[in-house]
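Atoms considered below: every heavy atom in the structure, side chains included; atoms not considered: hydrogens, waters and symmetry mates. Computed from a prediction, not measured in an experiment: that's the story for all the values here. We're numbering straight along the sequence, starting at 1.
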Amino acid sequence: MRITNKIMQNNSLSNINTNKISQDKLNTMMSTQKKITRPSDDPVIAIRSLRLRSSVSQINQYYEKNAPDAESWLEVTEDAIINVTEVLTDMIKQVTKGATEQLKTGDREVIVEQLKALRDELYSTGNADYAGRFIFTGYRTDTTLAFTQPENRDFTITEQLDASAIDEITHINTIYQGAGGNYDILDINDSNFDQAGFNNITEQNSVTTTTLHRIRLAYKDCFEDKANPPTRLPKIEYTDATGATQEYSVAAGNMTQAHSYDIPSPYENVPANGVVYLADTGELLLGDTAYNNLVNTKDDVSTSTKNEGEIRITYSKDTWEKGDLKPEHYFACTEQVPGEPDIEYNQEYLTYNYARQSIEYDVGFNQVIQINTTADELYTHDIGREVDDLVNTMQQMIDLEKTIDRLKSTMDALSESDPNYQTKKDTLQAQLDAANKAHTYVKEKVETEFSTGITAMQGYLDQANLALTNCGTRGKKLELVESRLMSQQTTFETLKSENEDADITEIAIKLNSAELTYNASLMATGKIMQTSLLNFI
């Protein structure tokens with residue numbers, strides 16, 4: 001084959017271009033610091049790069065966003081729970097003081113005010129939020145746990161209780177029911193002690209005690225339905241020994257509506273097989289037969305779709321005070337909104353087909369952590385209602401002590417020159433005896449309730465400590481996941497770099513070599529191409 005100058009020119013230009021392409025490729029790698037710029041440069045590197053980039057992106061999402069967000073939520077929750085434990089600890093201290101016999105009236109007043117303040121502080125902590133999301137309200141993160149101001153919202157609430165919700169209480173009556181009206185020992189003062197009615201007060205006719213059973217609803221100041229027939233007063237449903245559903249209600253004729261301050265006292269007039277509903281205190285007073293019917297309810301383990309041991313109570317409440325826990329976070333309930341369809345909450349509770357409203361974060365590959373603590377794990381209505389009972393009992397004792405002091409002062413101020421001196425003295429002594437008798441009963445009640453209250457508050461503290469432990473456990477698990485994510489992030493970043501990034505030292509050497517080769521090819525081609533066939537003709 002004859003090699004012509006044209007062939008040599010074409011081959012030289014082709015080789016020069018090849019060297020230039022190699023130089024350009026190396027120059028691109030040097031400037032981008034990447035092995036490839038398009039998938040076709042090396043499909044194997046391209047495929048591996050896509051996989052590694054996807055893994056790195058997921059790890060970054062977990063490590064830089066999800067995990068820190070979960071950690072912050074848990075920290076806010078932990079701080080709130082710690083505050084709750086501190087409040088409950090202070091409550092236990094105050095209740096322990098209240099159980100002490102040797103207290104002055106001023107000391108008791110301080111205890112009452114402290115308990116009220118601690119109760120308010122406890123429930124206000126329940127409105128803690130993280131980045132505008134309330135942390136104790138399950139999926140309803142846009143809604144506060146407790147009312148932040150008085151509101152009028154009409155709810156029909158269904159509480160699902162059992163026999164453990166029934167407790168025993170002692171009512172102490174201090175009212176004399178005379179022909180001319182009702183006269184309370186607590187109302188006696190230096191200007192009315194000898195007036196008709198008050199002057200008939202004695203320990204025999206004015207001081208009585210009654211022990212009875214009750215169910216304490218989650219709320220006080222409940223709805224009073226004055227319609228005829230009443231349609232929204234409480235209804236108690238339970239399962240009797242035969243498996244049939246029974247009820248106590250006004251409609252059934254075995255429930256009556258009253259107030260705690262009514263005369264005669266509803267606490268002393270509960271029908272044997274009846275229930276008295278006190279809307280102002282949120283109590284259902286049980287007669288002996290009604291108590292036995294309810295306390296004997298037991299669940300049949302052979303039936304999974306029904307809880308025969310459940311005592312289901314449906315009632316209404318339409319006025320709310322600041323600090324009241326919102327019912328939609330605890331109960332199956334329905335809100336009646338004028339002019340709009342009813343809003344139903346948690347209806348699945350009634351069929352036992354529900355799960356806890358747990359908020360979970362993906363914080364790693366197949367790693368999920370629950371970050372929220374739900375309200376029922378920490379904030380129960382029983383805490384506030386327990387405080388209400390303690391405060392009411394202690395306040396009754398304070399009022400009696402003040403009454404006794406007034407009677408003693410009035411007796412000391414009597415003048416022996418008064419023609420009615422002996423009559424007034426006898427009257428005051430009878431009233432003082434009645435007040436002292438009532439004081440003895442109330443003192444026993446205070447000691448009993450506050451001693452029981454210590455145990456109850458300790459139980460609430462144990463519950464809060466359990467919630468704190470669970471929160472801390474989730475935090476420790478998150479720390480382990482974050483540590484593993486940090487290690488994985490480093491590993492995958494290294495693998496991605498090894499797969500994609502060019503070795504700059506090696507590329508620099510190759511680029512320098514390519515430049516020398518290119519220049520040499522230009523010089524060689526220039527020398528060869530200086531002569532042609534025409535030079536020899």
Side-chain angles (χ1 to χ4, degrees), residues 84 119-120 122-129 133-162 165 214-225 230-237 249 277-284 307 310-338 340-358 372-389 460 463:
V84 170
R119 176 194 57 198
D120 295 342
L122 178 75
Y123 288 142
S124 65
T125 306
N127 289 333
D129 70 291
R133 295 177 292 173
F134 296 98
I135 60 177
F136 293 114
T137 54
Y139 298 152
R140 302 184 182 93
T141 57
D142 60 338
T143 305
T144 59
L145 179 67
F147 288 95
T148 57
Q149 60 184 4
E151 290 189 36
N152 292 321
R153 292 175 61 186
D154 195 351
F155 281 91
T156 296
I157 302 165
T158 299
E159 288 193 42
Q160 295 167 269
L161 308 173
D162 56 31
R214 67 160 182 190
I215 295 177
R216 184 175 58 190
L217 300 176
Y219 301 101
K220 60 182 178 179
D221 297 322
C222 299
F223 183 80
E224 296 183 62
D225 195 340
T231 58
R232 298 185 60 199
L233 288 177
K235 177 175 66 174
I236 302 176
E237 295 177 289
S249 65
Y277 165 56
L278 305 182
D280 57 323
T281 62
E283 293 176 300
L284 293 168
N307 180 5
E310 180 180 83
I311 301 172
R312 184 172 292 187
I313 304 174
T314 303
Y315 62 99
S316 299
K317 180 174 172 62
D318 56 358
T319 58
W320 306 88
E321 298 297 327
K322 179 181 178 180
D324 285 342
L325 297 174
K326 293 185 176 179
E328 63 263 36
H329 299 308
Y330 291 89
F331 308 113
C333 56
T334 302
E335 182 177 6
Q336 286 82 29
V337 182
E340 297 182 16
D342 292 348
I343 303 173
E344 294 185 340
Y345 300 95
N346 310 318
Q347 295 303 305
E348 65 275 12
Y349 288 8
L350 302 178
T351 59
Y352 316 105
N353 183 27
Y354 65 93
R356 186 178 297 277
Q357 294 184 0
S358 302
N372 72 319
T373 299
T374 53
D376 58 347
E377 296 180 69
L378 191 63
Y379 298 95
T380 66
H381 295 78
D382 290 338
I383 299 175
R385 300 293 275 142
E386 190 77 32
V387 170
D388 287 340
D389 283 348
Y460 302 140
Q463 185 177 354

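With E224 contributing its side chain and A279 its backbone, the two residues share no donor-acceptor pair below 3.5 Å. For Y123 (side chain) and G384 (main-chain N/O), a donor-acceptor pair under 3.5 Å exists by modelled atom type. Listed for the Q463 side chain is a donor-acceptor partner under 3.5 Å among the backbone atoms of D376. No donor-acceptor distance shorter than 3.5 angstrom exists from the side chain of E283 to the backbone of R214, with no hydrogens or angles considered. With hydrogens and angles disregarded, no donor-acceptor distance shorter than 3.5 Å links the side chain of K322 to the backbone of D324. One N or O on the side chain of Q357 and one on the backbone of Y139 form a donor-acceptor pair closer than 3.5 Å. No donor-acceptor pair closer than 3.5 Å links the side chain of D318 to the backbone N or O of N152.
Shown here for G138 and N372, the closest heavy-atom pair between the two residues is CA-ND2, 4.0 Å. The heavy-atom pair separating Q347 from T334 by the smallest distance is NE2-OG1, 3.8 Å. The shortest non-hydrogen separation linking R356 to T374 is NH1-OG1, 2.6 Å. Taking each heavy atom of C222 and S316 in turn, the nearest pair found is CB-O, 3.6 Å. In this structure, L145 and A375 approach most closely via the heavy-atom pair CD1-CB, 3.4 Å. Taking all atoms of both residues into account, the shortest heavy-atom contact from F136 to T373 is CD2-O, 3.2 Å.
Here the side chains of R216 and E386 are in contact, with some heavy-atom distance below 4.5 Å. Contact annotation: the side chain of F134 never approaches that of H329 to less than 4.5 Å [non-hydrogen atoms, C-beta and beyond].
Taken to the nearest 0.5 Å, the CG atom of D342 stands 5.0 Å off from the CD atom of Q336. Here I311 contributes atom CD1 and D162 contributes atom CG; the two are 6.5 Å apart, rounded to the nearest 0.5 Å. Note that CG of L325 and CZ of F331 are 8.5 Å apart. Values are rounded to the nearest 0.5 Å. Rounding to the nearest 0.5 angstrom, the gap separating the OH atom in Y379 from the CG atom in N127 is 8.5 Å. Rounding to the nearest 0.5 Å places CG of L350 at 8.0 Å from OG1 of T314. Put simply, CG on N307 and CZ on R312 are 9.0 Å apart, with the number rounded to the nearest 0.5 Å.
For the side-chain contact (heavy atoms from CB on, under 4.5 Å) test, residues two or more places apart in sequence or in another chain that qualify with D280 are D221, H259, S260, Y261, L278. The side chain to side chain donor-acceptor pair (under 3.5 Å) test applied to K326 returns T144, not counting sequence neighbours. Taking the ring-ring contact (aromatic ring centres under 6.0 Å, His included) definition, one finds that Y330 meets it with H381, sequence neighbours left out.
The aromatic rings of W320 and F147 lie parallel to each other, with less than 30° between the two planes, well short of the 60° mark. Ring orientation note: the planes of Y219 and Y315 are tilted relative to one another, at an angle of 30° to 60°.
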*Going through the distances and angles, do N346 and Y354 end up as a side chain to side chain contact (heavy atoms under 4.5 Å, CB included)?*
CA-CA 8 Å; N346 310 318; Y354 65 93; over 6 Å; no
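Salt-bridge annotation for D154 and R232: present, with a side-chain N of the basic residue lying under 4.0 Å from a carboxylate O of the acidic one. Between R385 and D388 a salt bridge is recorded (basic side-chain N to carboxylate O distance below 4.0 Å).
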